4 protein chains.
Amino acid sequence: MAKAKKDSASYEDRRRQLLRAATVVFARGGYLGSRVGDIAREAGLSYGLVYHYFENKEAILNALFQENWGLVLKVVTDVHAQGGTLRHKLEVIAGFLVEAWRQQPDLVEVVMLEVVRSPKFLEKANLAAFLELLAGLEAIFAHHKTTGEVRDDVDPKLAAILLLGQLEVLLTGFVARQFLNSDDPTLLDRSRDAVVSVMLGGVAVPSST
Amino acid sequence: MAKAKKDSASYEDRRRQLLRAATVVFARGGYLGSRVGDIAREAGLSYGLVYHYFENKEAILNALFQENWGLVLKVVTDVHAQGGTLRHKLEVIAGFLVEAWRQQPDLVEVVMLEVVRSPKFLEKANLAAFLELLAGLEAIFAHHKTTGEVRDDVDPKLAAILLLGQLEVLLTGFVARQFLNSDDPTLLDRSRDAVVSVMLGGVAVPSST
Amino acid sequence: MAKAKKDSASYEDRRRQLLRAATVVFARGGYLGSRVGDIAREAGLSYGLVYHYFENKEAILNALFQENWGLVLKVVTDVHAQGGTLRHKLEVIAGFLVEAWRQQPDLVEVVMLEVVRSPKFLEKANLAAFLELLAGLEAIFAHHKTTGEVRDDVDPKLAAILLLGQLEVLLTGFVARQFLNSDDPTLLDRSRDAVVSVMLGGVAVPSST
Amino acid sequence: MAKAKKDSASYEDRRRQLLRAATVVFARGGYLGSRVGDIAREAGLSYGLVYHYFENKEAILNALFQENWGLVLKVVTDVHAQGGTLRHKLEVIAGFLVEAWRQQPDLVEVVMLEVVRSPKFLEKANLAAFLELLAGLEAIFAHHKTTGEVRDDVDPKLAAILLLGQLEVLLTGFVARQFLNSDDPTLLDRSRDAVVSVMLGGVAVPSST
DNA sequence: CATGAATGAGTTTTCATTCAT
DNA sequence: TATGAATGAAAACTCATTCAT
């Protein structure tokens, strides 16, 4: 029994191990630029073993997306359901992503960039998940137009898109790799605050708008 | 003379032809996901000919970046040099990119996404060009802090990054391909205005900030 | 253990198999004139497998050289260290090469001709090995000047070079392929003797020199 | 008329120019390792022009061989016909080749090595020319057995082969490229003398043989 | 489960040769 | 003649995937 339990635990462990390795490898070289063997080596396993846990290379990427994108979506959905000000909701959403990046920068980068930007993205079930997130953000902005917190002339969908763009540029690609990896420990929090602040009030002094 | 002129023009023409084809192909399938043969077929030429005009596949991508990124940089530099309000500058910059996308969406997408987001980006001369643009935007925000148009607590570099993120998400990847390609001919202009508007005043109603 | 041993032996076996096939193929068509696929077919394996055992095509040639040139060098070094007459040493050296050719004519040809005569030879570590052999032969001739067996006016280095030339022409290229492959089983031995004989006493009758 | 003459002269000139360039290029990188374009560039011409003067790449190599091998063959034939001692004949033959190398090292190297050692050598008319030279040398040694200058136990064909090997190793490949290209202006002559000397009397002191 | 040998389709790149100008 | 654009066969090399052990 102990053995069986250990084995089944081992199965999940191995799978996690491979996903973690894939995250590192994909973040480093991109999906197409990475080899299955790279992932196995990063995990300290043989590359043949990868096919015991995943159908193929693409399934690894999909697993990474599907097992993590839902978390983001849940945060958006939940924070909206729980109510509160727009500022609060933006703070929670941006805070979650920034914190996620702090914990697992590679994972955030891969999920946000590698999947979303993949040329095959549109052909996949992932598209629906991405649209769901967008819709979630859009719903928030739309709702707060009714509360008077958001200006009438704001297009909720555009606002959602622009918010996503800010978070994406911040947490993926060059900026995250170089800019955020600085010595300044407050930089990440200031960046998060900047996103919220820009979304809410832009950069202009109140009277000059 | 006419002949010589025609010949040398022909050389440039063919090169342009290949770059245009590469733009289409890279936009469709990504750099790594595209074959040199695809570019040639798109151009209606043989794949061997590609190597008369470019050292290798990567040189095509670099040419696309280097011959176009400078244009964006020039717009940022010039508009800042010519003075005016921050709003004006943001309108010009966002307007230029939106117009560029309208004219050549594939080119904008490839240059902004395929090169800048490439994992090999950091190893290349391209990095310097990217940093230059970021510095140009940063200079604008920094300057307008001295004019009182930008709040004191705004980090110019972060503002530059977030602006870039908004433009990038809008003009590349999924959003541009699906959202902007709608029937609504005003959408593109409204998107541009939204970027300027969010950067300047966010989405909140003035008093509620 | 048996399994592990078998496996590791299998790895070496396959590698040998490929080297043997490469020897045949290179001897037939030259290094540049042979395709990796030819080697694989000669070995009865797929060409992809070649790259499991060797970095690339050139590495195969280098392996052939490095794993065999040392044997020749050892014979020269050892026979000199063990002392004896110059005649004896030349007989051993020439005898070794002739015997090697008898056993594996392709291998001798490839190592002596394909590597040594390659235009890229000078750029490689192989050069040092070649010079070592030349130095070994030179040392022998130099030594036997001190014993009085070699004339004072003989340049040891030149003698070494000329000896090498005789052996090379005999065992490589056209001569070996056509002349030595005759019905006469004594031809090979007579050739070896001729090299020794010419080096020692030339072809002239003693008094007529 | 002047024009026509100039043109026809120009044709031969161009052909020579290309052959000279091909010699340099083939000596540097080998036949298979050289490109038609390399030859054209070395000659300062366009590569398309090469095909006005030669059927194809191989025809260039054959022209080099056929237009020069005959010279060597003629020297051997003539010196034998004119009579004299074996020493004299060897001196003339070796002297001719050494002098040829001094004048045009690349040409000697290409003709002796690139053609003779080519894997396709056997399939070609060149084989006959090579065998003719060998026969010529063999005839000399055979003849001087009848004059008593050559020992009875000497195999004329083997002697011819070994002589060829000495000359070949000396004037081609590594030795010529590195050893003979030294500062010592007497080295070349001493090498020639060494070949003659070794062929005639070997290296041993007369009594010790 | 685990390993890595084996396969071969797929890609990049090279380059001899042709041919329109 | 002279040029070099154009072609495409050919070759090196990669790597996802399979499968025997």
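The sequence lines fix the lettering, A, B, ..., with proteins before strands; numbering per chain opens at 1. Please read all numbers here as calculations on a predicted model, not as lab measurements.
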Using atom [atom1] of [X] as one end and atom [atom2] of [N] as the other, report the distance to the nearest whole Å.
| X | N | atom1 | atom2 | value |
| --- | --- | --- | --- | --- |
| Y11(B) | dT3(F) | OH | P | 18 Å |
| N56(C) | dT14(F) | CG | P | 8 Å |
| I39(D) | dA2(F) | CD1 | C1' | 18 Å |
| D38(A) | dT14(F) | CG | P | 13 Å |
| E12(C) | dA5(E) | CD | P | 12 Å |

Any side-chain hydrogen bond (donor to acceptor under 3.5 Å, both in side chains) pairs touching residues 42-53 of chain B, not counting sequence neighbours?
R28(B)-E42(B)

Note, L19(A) side chain near F54(A) side chain (heavy atom, < 4.5 Å):
yes

Numerically ordered, the residues 15-24 of chain C set in heavy-atom contact under 4.0 Å with DNA chain F is none

Under a 4.0 Å heavy-atom cutoff, the residues of residues 44-52 of chain A touching DNA chain F are Y47(A), Y51(A)

Side chain to side chain contact (heavy atoms under 4.5 Å, CB included) involving [X] - partner list, sequence neighbours excluded:
| X | value |
| --- | --- |
| E58(C) | Y31(C), N56(C), N62(C), K124(C) |
| A129(A) | F65(A), W69(A) |
| L45(B) | R14(B), Q17(B), L18(B), A43(B), L49(B) |
| A27(D) | D106(D), V110(D) |

Kindly write out the residues that satisfy salt bridge (charged side-chain N to carboxylate O under 4.0 Å, His left out) with R117(C), not counting sequence neighbours, or none if the list is empty.
E168(C), E168(D)

With sequence neighbours excluded, tell me which residues meet salt bridge (charged side-chain N to carboxylate O under 4.0 Å, His left out) with R16(A).
E12(A), E67(A)

For DNA chain E, the dot-bracket pattern of Watson-Crick and G-U pairs whose distances stay under 3.5 Å, | for other-strand partners:
.||||||||||||||||||||

If I take atom CE from residue M112(C) and atom CG from residue N68(C), how far apart are they, to the nearest 0.5 angstrom?
12.0 Å

Partners meeting side chain to side chain donor-acceptor pair (under 3.5 Å) with E109(C) (sequence neighbours left out)
R177(C)

Assuming nearest nucleotide by heavy-atom distance, tell me which of L32(B) and Y31(D) is located more 5' along DNA chain E.
L32(B)

Along DNA chain F (nearest heavy atom to each residue), the more 5'-positioned of R35(A) and Y53(B):
Y53(B)

Assign F54(B) to base, sugar-phosphate, or nothing according to its heavy-atom contacts below 4.0 angstrom with the strands shown.
nothing

Can you figure out which of dA2(F), dA6(F), dA12(F) approaches the side chain of R14(B) most closely?
dA6(F)

Please name the pair of heavy atoms, one in V111(C) and one in V116(C), separated by the smallest distance, quoted to 0.1 Å.
O-CG2, 3.6 Å

